[in-house]
J.: 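This structure is in structure tokens; I'll ask about it shortly.
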There are 2 protein chains.
Amino acid sequence: MAKYDSTLSDCFTALGDPTRRRILERLARGEASVSELAAPHDMSLPSFMGHLTRLEAAGLITTRKQGRSRLCALAPEAFAPATDWLATQRSLWEGRLDRLDSYVTTLMKDRSS
Amino acid sequence: MAKYDSTLSDCFTALGDPTRRRILERLARGEASVSELAAPHDMSLPSFMGHLTRLEAAGLITTRKQGRSRLCALAPEAFAPATDWLATQRSLWEGRLDRLDSYVTTLMKDRSS
DNA sequence: ATCATACTTAGCCATGCGCCTAAGTATTGG
DNA sequence: CCAATACTTAGGCGCATGGCTAAGTATGAT
């Protein structure tokens with residue numbers, strides 16, 4: 001794994017925007033066109049497209065052109081790096097807790113002997 | 001849950017920077033002072049402090065002043081919103097897959113009858 | 001052929017981010 | 001008391017982000 005993981009950075013920063021999270025939440029329920037996705041967002045279309053572009057650049061969605069519409073779909077496997085990083089981080093933390101715990105246990109045993 | 005969840009946004013955008021992720025990885029192994037944390041990062045101290053400030057603002061770390069040092073510690077519970085959002089998103093997606101699956105199963109049953 | 005729809009491109013603006021240097025404050029060791 | 005250490009504050013620079021309007025292109029409907 002690279003020290004500077006741009007995939008991970010792009011993924012997390014893409015998730016850092018509420019508009020983009022709402023788009024992903026919507027797409028979890030299935031494919032949709034740009035205008036369907038944009039409808040509930042009080043925002044100009046070009047601005048909205050910017051968010052889609054960033055999601056696609058981060059690999060979190062895929063898009064394809066069908067007629068004059070562009071259909072967007074979730075790329076759920078793209079969440080794995082983020083999920084994995086958080087899981088690793090958590091196990092590191094819990095591992096540290098465990099060692100602390102066993103250390104305290106050792107101390108207590110020593111004291112009681 | 002708020003529609004515009006700034007906690008979640010702050011958390012994800014904080015995780016979007018490789019320097020900040022490395023700080024968190026280091027802190028998973030235990031408390032450290034600012035200069036200990038900064039040592040492996042080829043960066044001016046004010047710049048580095050900016051990252052710590054953002055991590056603290058996002059609630060991912062806590063800091064306290066001890067003498068002329070500032071000690072930093074991980075706030076592991078602060079990862080929960082991010083982890084939860086990802087888990088929810090995943091279950092939404094998998095739920096959709098399940099429904100698709102049972103739909104296909106239904107179709108196949110219909111066809112075989 | 002014409003018109004409406006659905007993006008798409010171009011360009012502008014304000015704010016924030018990530019980096020820097022220089023200078024200040026607060027503690028501690030001698 | 002004095003100097004060194006460990007931040008901290010102030011201010012500046014360039015670029016990216018997130019928003020806009022206006023105008024263009026491609027496709028579908030009449």
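Naming convention: chains lettered A, B, ... in sequence-line order (proteins, then strands); numbering from 1 in each chain. Owing to the predicted nature of the structure, the values given are computational and were not obtained by experimental measurement.
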J.: Please tell me if B/Lys65 has a side-chain N or O lying less than 4.0 Å from either OP1 or OP2 of D/dT8.
T.: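 Checking B/Lys65 against D/dT8: at least one side-chain N or O falls below 4.0 Å of OP1 or OP2.
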J.: Please name the pair of heavy atoms, one in B/Arg90 and one in A/Thr83, separated by the smallest distance, quoted to 0.1 Å.
T.: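 What the structure gives for the nearest pair is NH1-CG2, 4.3 Å.
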J.: Does a salt bridge link A/Arg64 with A/Glu31, judged by any charged N lying under 4.0 Å from a carboxylate O?
T.: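 Salt bridge present between A/Arg64 and A/Glu31.
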J.: Should B/Ser35 be listed as having a side-chain N or O under 4.0 Å from OP1 or OP2 of D/dC7?
T.: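 Yes, because at least one side-chain N or O of B/Ser35 sits under 4.0 Å from OP1 or OP2 of D/dC7.
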J.: Regarding B/Ser9 and A/Arg21, do their side chains bring together a donor and an acceptor under 3.5 Å, going by distance alone?
T.: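 Judged by distance alone, the side chains do pair up.
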J.: Heavy atoms only: give me the nearest A/Thr7-A/Pro81 pair and the separation to one decimal.
T.: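 A/Thr7 and A/Pro81 have their closest heavy atoms at CG2-CG, 4.4 Å.
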J.: Consider only side-chain N and O atoms of B/Ser91 and B/Thr88, and report whether a donor and an acceptor are under 3.5 Å apart.
T.: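 Side chains of B/Ser91 and B/Thr88: no pair found under 3.5 Å.
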J.: Would you check if B/Leu37 and B/Leu52 make a side-chain contact, meaning some heavy-atom pair closer than 4.5 Å?
T.: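 Yes, side chains in contact.
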J.: Going 5' to 3' through nucleotides 18-30 of chain D, assign each nucleotide B (protein heavy atom under 4.0 Å from a base atom), S (under 4.0 Å only from sugar-phosphate atoms) or - (no protein heavy atom that close).
T.: SBBBB----BS--
J.: Without decimals, in angstroms, what is the distance between A/Leu52 CG and C/dT8 C1'?
T.: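 Those two atoms, CG and C1', are 13 Å apart.
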J.: C/dC7 C1' sits how many Å from A/Leu71 CG, rounded?
T.: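 Roughly 12 Å, once rounded to whole Å.
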